[in-house]
Amino acid sequence: GCTSQQQGGVVYTSTGSSLVLKSGSIAGCEATNSSISGNGGGVYISGGSLTIDGGSISSCASDSAGGGVAVFASGTMTMNGGSIDNCKTTSISTGTGGGIFNGNGSLTLNGGKISTCSSNYGGGVYSYQNSVSFAANTASVLTFTGNTASSSPNGNNFYKDSGTSV
């Protein structure tokens, strides 16, 4: 595992940068900080982009947003395949998006699996003031399983907050 003292347990993408995950894994990473919130236990996107075509992000954690992946500042994330499994946020009161947090970014979910992720709000995915799109036939290629949100009924699999268009 790996640990970041602020954002992105293993990868931080900023404006103009991109990451494509086709195979392999990002596992056991965390973003934690005692004085400010750690976001993106596996990957933190700030204006950059992430495409997941295969591989996995698993057993990652963050203090606040995006146990697996956090998308901020007009960043973009596209998930076509692969998996985000067993990721979590550790803040009981403010944790958002155990698998994926999307705040002021763009999220496209075309396929893959998001499973056994947990958070206070949005166990699988939490989206705030941004856009989320799904492929026309997403139900057959995107799977949510066993995700939990402790502040029920606040989205075991998906939580859409104010300003989010789907």
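One is the number of the first residue; the rest follow in order along the sequence. Reckoned from all heavy atoms, side chains included, excluding hydrogens, waters and symmetry mates.
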Inset, instruction - Return each pair, listed once, that meets salt bridge (charged side-chain N to carboxylate O under 4.0 Å, His left out) where at least one residue sits in residues 67-94; pairs must be two or more places apart or across chains. - result: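 Residue pairs passing salt bridge (charged side-chain N to carboxylate O under 4.0 Å, His left out), neighbours aside: D85-K113.
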Inset, instruction - Dump the intermediate steps for side chain to side chain contact (heavy atoms under 4.5 Å, CB included) on V125 and N102, then the final yes or no. - result: CA-CA 8 Å; V125 177; N102 182 27; 5.6 Å; no
Legend entry - Test side chain to side chain contact (heavy atoms under 4.5 Å, CB included) applied to V69 and L50, step by step: CA-CA 9 Å; V69 178; L50 168 67; 4.0 Å; yes
Would you tell me whether [X] and [Y] have side-chain atoms, one donor and one acceptor, within less than 3.5 Å of each other?
X    : Y    : result
T32  : D63  : no
T89  : S119 : yes
N147 : N156 : no

Legend entry - Candidate list L107, N110, I84, I57, test side chain to side chain contact (heavy atoms under 4.5 Å, CB included), partner M79, passing option: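 Among the candidates, only I84 passes.
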Would a 4.5 Å heavy-atom cut-off, applied to side chains only, mark [X] and [Y] as touching?
X   : Y    : result
Y12 : S46  : yes
V71 : T76  : no
M77 : T108 : no

Roughly how far, to the nearest 0.5 Å, is [atom2] of [Y] from [atom1] of [X]?
X    : Y    : atom1 : atom2 : value
I45  : N39  : CD1   : CG    : 12.0 Å
N80  : I52  : CG    : CD1   : 9.0 Å
T13  : L19  : OG1   : CG    : 7.0 Å
L109 : S127 : CG    : OG    : 9.0 Å

Inset, instruction - May I ask you to decide if S91's main-chain N or O and T94's side chain share a donor-acceptor pair within less than 3.5 Å? - result: no
Inset, instruction - Verify, without hydrogens or angle tests, whether N86 (side chain) and S58 (backbone) share a donor-acceptor contact under 3.5 angstrom. - result: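 Not confirmed, N86 side chain does not pair with S58 backbone.
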Looking at every non-hydrogen atom in both residues, tell me the closest pair between [X] and [Y] and how far apart they are.
X    : Y    : answer
A70  : G40  : CB-N, 3.5 Å
G98  : C117 : C-CB, 3.9 Å
C87  : G67  : CB-C, 3.9 Å
I26  : C60  : O-SG, 4.0 Å
A149 : G123 : CB-N, 3.9 Å

Inset, instruction - For T148, enumerate each residue passing the side chain to side chain donor-acceptor pair (under 3.5 Å) test, keeping only those at least two apart in sequence or located in another chain. - result: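 Listed in chain order: nothing, the list is empty.
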Legend entry - Centroid-centroid under 6.0 Å between F72 and F101 rings: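 Yes, close enough.
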Legend entry - Aromatic plane relationship, Y126 with Y121 - under 30° parallel, 30 to 60° tilted, over 60° perpendicular: perpendicular
